[in-house]
Amino acid sequence: SNADIKPLYCVPASMTLLFQESGHKKGSFLEGSEVRTIVINYAKKNDLVDADNKNLVRLDPILCDCILEKNEQHTVMKLPWDSLLTRCLEKLQPAYQVTLPGQEPIVKKGRICPIDITLAQRASNKKVTVVRNLEAYGLDPYSVAAILQQRCQASTTVNPAPGAKDSLQVQIQGNQVHHLGWLLLEEYQLPRKHIQGLEKALKPGKKK
């Protein structure tokens, strides 16, 4: 089975009133489809669907507070369903869930960034392969380093990633991009679009 990565939405304090009727609170994680259902039910239950045009929703004080900008508060009275739903999704906080084969799902706030593979020259003109952002996918940099050290027969270090808070990077001597590709795509079954830098792999037959 493949790794499953899906976007989620997190309820911020500013939107709790809209979501509490359906039993959710600040910090609740929801899928986009759940958000749609909650907003549709809220509008129907509170009789906000426009009598003359079923495609329009009248904005009550809670909806106004949740989704309108300050300057719209007294000018926008109704919205079509699709823009109501789009605005709700935009006001929620981005989050995501990653489920690796055979593991429990991990849920994190923020937008998911790709795993980033780069090559760097070091002092003695030696190449090293550096991989960052493994933690976002629930991968432990130390175990990734241990597997690669064995597979590549090359020395491997784990150190803090520059400019990223609480994030570690794994550094392996030589161009080890194809080994990393094998590990991330085959072993962990991550989708290719979530890994950047795979094109830097050595072509077969080239000298290191």
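Values below: all heavy atoms of this structure, side chains included; hydrogens, waters and symmetry mates excluded.
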Grab the two heavy atoms, one from [X] and one from [Y], that are nearest each other, plus how far apart they are.
X      : Y      : value
Asp82  : Thr86  : O-OG1, 2.7 Å
Leu18  : Cys88  : CD2-SG, 4.0 Å
Lys91  : Pro12  : O-CG, 3.6 Å
Tyr188 : Leu100 : O-CD2, 3.9 Å
Leu8   : Phe29  : CD1-CB, 4.2 Å
Cys113 : Asn133 : O-ND2, 2.8 Å

Glu104 atom CD, over 12 foreign heavy atoms within 6.0 Å: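 Incorrect, the count does not exceed 12.
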
Atom CD of Gln121 with >12 non-hydrogen neighbours under 6.0 angstrom: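 Yes.
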
Stepwise side chain to side chain contact (heavy atoms under 4.5 Å, CB included) check, Leu30 with Leu92: CA-CA 10 Å; Leu30 300 163; Leu92 291 165; 5.5 Å; no

Starting at [atom1] of [X], measure out to [atom2] of [Y] and round the result to the nearest 0.5 Å.
X      : Y      : atom1 : atom2 : result
Gln176 : Ile117 : CD    : CD1   : 11.5 Å
Gln97  : Lys6   : CD    : NZ    : 5.0 Å
Cys152 : Ile172 : SG    : CD1   : 6.0 Å
Ile5   : Thr99  : CD1   : OG1   : 9.0 Å
Leu63  : Asn46  : CG    : CG    : 8.0 Å
Leu190 : Ile195 : CG    : CD1   : 5.5 Å

Do [X] and [Y] share a hydrophobic cluster, counting only Ile, Leu, Val, Met, Phe, Trp and Tyr and linking them when any side-chain heavy atoms are less than 4.5 Å apart?
X      : Y      : result
Ile62  : Leu68  : yes
Leu85  : Ile38  : yes
Phe19  : Val107 : no
Val144 : Ile106 : no
Ile112 : Leu89  : no

For Val49, side chain to side chain contact (heavy atoms under 4.5 Å, CB included) partners two or more places apart: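 Once residues adjacent in sequence are excluded, the partners of Val49 under the side chain to side chain contact (heavy atoms under 4.5 Å, CB included) criterion are Lys44, Lys54, Trp81.
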
Set of side chain to side chain contact (heavy atoms under 4.5 Å, CB included) partners for Val158, sequence neighbours left out: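 Per chain and number, Val158 pairs via side chain to side chain contact (heavy atoms under 4.5 Å, CB included) with Pro141, Tyr142, Ala145, Leu168, Val170.
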
Decide yes or no for [X] and [Y]: does some side-chain heavy atom of the first lie under 4.5 Å from some side-chain heavy atom of the second?
X      : Y      : value
Val131 : Gln169 : no
Val128 : Leu119 : no
Gln171 : Thr129 : no
Ile67  : Leu84  : yes
Tyr137 : His194 : yes
Ile115 : Leu139 : yes

Leu59 vs Met77, side chain to side chain contact (heavy atoms under 4.5 Å, CB included): CA-CA, chis, key distance, verdict: CA-CA 6 Å; Leu59 304 182; Met77 304 297 174; over 6 Å; no

Under 3.5 Å: donor-acceptor pair, side chain of [X], backbone of [Y]:
X      : Y      : result
Gln150 : Ile147 : no
Ser14  : Cys66  : no
Glu186 : Leu183 : no
Ser167 : Ala164 : no

Sequence neighbours excluded, every pair satisfying ring pair (Phe, Tyr, Trp, His ring centres under 6.0 Å) that has a member inside residues 84-121: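 Qualifying pairs, neighbours excluded: none.
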
Sequence neighbours excluded, every pair satisfying ring pair (Phe, Tyr, Trp, His ring centres under 6.0 Å) that has a member inside residues 39-73: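 Sorted pair list comes back empty.
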
Derivation and outcome, side chain to side chain contact (heavy atoms under 4.5 Å, CB included), residues Asp4 and Val98: CA-CA 6 Å; Asp4 177 52; Val98 177; over 6 Å; no

May I ask you to decide whether [X] forms a salt bridge with [Y], counting only side-chain N to carboxylate O separations under 4.0 Å?
X      : Y      : answer
Asp116 : Arg132 : yes
Arg151 : Glu187 : no
Glu31  : Arg36  : no

From CA spacing to verdict: side chain to side chain contact (heavy atoms under 4.5 Å, CB included), Arg58, Leu79: CA-CA 7 Å; Arg58 290 181 298 109; Leu79 280 176; over 6 Å; no

Pairs flagged by salt bridge (Lys or Arg N to Asp or Glu O under 4.0 Å) wherever residues 16-25 is involved - sequence neighbours left out: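 For residues 16-25, and leaving out neighbouring residues, the salt bridge (Lys or Arg N to Asp or Glu O under 4.0 Å) pairs sorted by first residue read Glu21-Lys45.
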
Contacts of type side-chain hydrogen bond (donor to acceptor under 3.5 Å, both in side chains), residue Ser155, not counting sequence neighbours: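 Once residues adjacent in sequence are excluded, the partners of Ser155 under the side-chain hydrogen bond (donor to acceptor under 3.5 Å, both in side chains) criterion are Gln173.
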
